[in-house]
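Down below is the structure, laid out as structure tokens.
Letters A, B, ... are given to chains in the order of the sequence lines, protein chains preceding strands, and every chain is numbered from 1.
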2 protein chains.
Amino acid sequence: MDTVFHALAHEARRGMLRRLASGECTVGELAEPLTMSLEAASKHVKVLERAGLVHRTVDGRRHVCRLEPDPLASASAWLHFYEQFWNQRLDTLEDLFQSRRPRKGNKR
Amino acid sequence: MDTVFHALAHEARRGMLRRLASGECTVGELAEPLTMSLEAASKHVKVLERAGLVHRTVDGRRHVCRLEPDPLASASAWLHFYEQFWNQRLDTLEDLFQSRRPRKGNKR
DNA sequence: TTTATATTCAACCGCATGGTTGATCAATCG
DNA sequence: CGATTGATCAACCATGCGGTTGAATATAAA
């Protein structure tokens, strides 16, 4: 999980994922739009691989990458915990409307 | 955006967010369940703040933190780009069933 | 006022990151 | 075959991260 979020924390890698979402491509193709060397891009791909977000198949001298979306899905699911926060806020708001007692838990 | 994902890439910080989702609390309270020093925890809070995920109000000597869920929501929204990938996959699958022509774009 | 509590700040350490360059390897092209 | 292409590997460098310790700040409690 940490590795997934870490992988997402870099614009270059997010770009790669976006690219891969519309079809598999090679390391070179992933590197091409970037302003860095191929070696650097290759390292980014490795980070994505380590996070389980990308799978690589070696086809001749080309390394073809494809998106592995499951970790993205579970990261997204994890992220949704904050909805609980919203629901709770709404509940509190409702309480305020329903009963006009002074709000509890105001410890200033 | 980078900063949000970076902030999420650490278990301690995710724990803090989870904690904050069920109500505001102080830096000390956030630090308490962790196995690290208060200073270290304080740094983590600062990272969350920098990412816009947490807002702090100084109340006497206590620094009270509360969750700021908007960045989480937009990170979550960003993450959903991968659904496009799934839809595309299903389309391709459908194509295979509908017409039995050899699949296009197979450049091996 | 003295003491204790809540927190930050500053300096330091070890280690990972993100980038470079130069060399290497494997596969394809002439 | 030799030359070129696609990619990795290894070494290096600067920077940032995550943690520590020790001191400083500010508020609250005795």
Side-chain angles (χ1 to χ4, degrees), chain A residues 1-20 23-68 71 106-108, chain B residues 1-20 23-68 71 106-108:
Chain A
M1 181 64 80
D2 308 74
T3 56
V4 174
F5 283 124
H6 168 251
L8 294 174
H10 200 288
E11 166 60 25
R13 283 183 307 244
R14 289 199 302 276
M16 287 177 168
L17 291 180
R18 263 186 255 107
R19 184 99 154 68
L20 287 169
E24 63 183 31
C25 49
T26 70
V27 173
E29 286 164 351
L30 288 174
E32 181 259 304
L34 303 179
T35 70
M36 66 188 70
S37 67
L38 177 67
E39 290 78 7
S42 168
K43 282 190 184 180
H44 284 299
V45 173
K46 236 173 293 180
V47 171
L48 292 173
E49 248 182 320
R50 209 168 50 203
L53 290 163
V54 158
H55 182 257
R56 174 199 311 245
T57 38
V58 178
D59 171 30
R61 62 185 163 182
R62 303 181 326 134
H63 292 210
V64 179
C65 305
R66 68 168 194 277
L67 184 60
E68 210 68 58
N106 190 353
K107 39 190 164 182
R108 177 175 297 256
Chain B
M1 180 64 81
D2 311 72
T3 56
V4 175
F5 282 125
H6 168 250
L8 293 174
H10 200 288
E11 167 58 26
R13 288 186 301 248
R14 289 200 301 277
M16 287 177 168
L17 292 180
R18 264 185 254 108
R19 186 98 154 68
L20 287 169
E24 62 183 32
C25 51
T26 70
V27 173
E29 286 165 350
L30 288 174
E32 181 260 305
L34 302 179
T35 69
M36 65 188 71
S37 68
L38 176 66
E39 290 80 3
S42 169
K43 282 190 184 181
H44 284 299
V45 173
K46 234 172 297 177
V47 171
L48 293 172
E49 247 182 322
R50 210 168 50 203
L53 290 163
V54 158
H55 182 256
R56 174 199 311 244
T57 37
V58 178
D59 171 30
R61 61 186 164 180
R62 303 180 327 133
H63 292 210
V64 178
C65 305
R66 69 167 193 277
L67 184 59
E68 209 68 57
N106 190 354
K107 38 192 166 184
R108 176 178 298 254

TODO: Return the value, rounded to whole Å, for the distance between atom CZ of A/Phe5 and atom C1' of C/dT17.
DONE: 20 Å
TODO: Could you state the atom-to-atom distance from NZ of A/Lys46 to P of C/dG18 in whole Å?
DONE: 13 Å
Open item on the list: Give me the atom names and distance for the closest heavy-atom approach of B/Met16 to B/Leu30.
Closed with: O-CD2, 3.9 Å
Open item on the list: Using the side-chain heavy atoms of A/Ala40, tell me which of these nucleotides is nearest: C/dT17, C/dT7, C/dT20.
Closed with: C/dT20
Task: Whole-Å distance separating the CG atom of B/Leu30 from the C1' atom of C/dA6 - done: 13 Å
Table of protein N/O atoms under 3.5 Å from nucleotides 27-30 of chain C N/O atoms:
residue	atom	partner	partner atom	Å
C/dA27	N3	A/Arg61	NH1	3.1

- [ ] May I ask you to evaluate whether B/His10 reaches the phosphate of C/dA16, defined as a side-chain N or O under 4.0 Å from OP1 or OP2?
- [x] no
Task: Donor-acceptor contact present, side-chain B/Arg14 to main-chain B/Leu8, <3.5 Å - done: yes
Open item on the list: Do A/Arg19 and A/Glu29 make a side-chain contact, defined as non-hydrogen atoms from C-beta onward lying under 4.5 Å apart?
Closed with: yes
- [ ] Kindly indicate whether the side chain of A/His63, heavy atoms from C-beta on, has any atom under 4.5 Å from the side chain of A/Thr26.
- [x] no
Task: Distance in angstrom units between B/Arg13 CZ and D/dC17 C1', rounded - done: 9 Å
Open item on the list: Could you check whether any side-chain N or O of B/Arg13 sits under 3.5 Å from a backbone N or O of B/His44, counting only pairs where one atom can act as donor and the other as acceptor?
Closed with: no
TODO: Answer yes or no: does a side-chain N or O of B/Lys43 lie under 4.0 Å from OP1 or OP2 of D/dT20?
DONE: no
TODO: Whole angstrom is fine here: how far is it from CG in B/Leu34 over to C1' in D/dG19?
DONE: 13 Å
Task: A/Arg56 side-chain N/O to D/dA7 phosphate OP1/OP2 under 4.0 Å - done: no
Task: Salt-bridge present (A/Arg18, A/Glu11; N to O < 4.0 Å) - done: yes
Open item on the list: What's the closest nucleotide to the side chain of B/Met36 if the choices are D/dT20, D/dA7, D/dC9?
Closed with: D/dT20
Open item on the list: Rounding to an integer number of Å, can you tell me how far A/Glu39 CD sits from D/dG6 P?
Closed with: 13 Å
Task: N or O in side chain of A/Ser42 less than 4.0 angstrom from D/dA7 OP1/OP2 - done: no
- [ ] Check whether any side-chain nitrogen or oxygen of B/Arg50 sits under 4.0 Å from OP1 or OP2 of D/dG16, and answer yes or no.
- [x] no
TODO: Among B/Thr57, B/Leu53, B/Leu48, B/Val27, find the residue that satisfies the side chain to side chain contact (heavy atoms under 4.5 Å, CB included) test when tested with B/Cys65.
DONE: B/Val27
Open item on the list: Could you tell me how far apart A/Glu32 (CD) and D/dA7 (C1') are, to the nearest whole angstrom?
Closed with: 16 Å
Open item on the list: Can you measure A/His6 atom NE2 to D/dG18 atom C1' for me and round it to whole angstrom units?
Closed with: 13 Å
Open item on the list: For a quick test of reading the model: is some side-chain N or O of A/Thr26 closer than 4.0 Å to OP1 or OP2 of D/dG6?
Closed with: no
Task: Short side-chain N/O contact to D/dG19 OP1/OP2 from B/His44, under 4.0 Å - done: yes
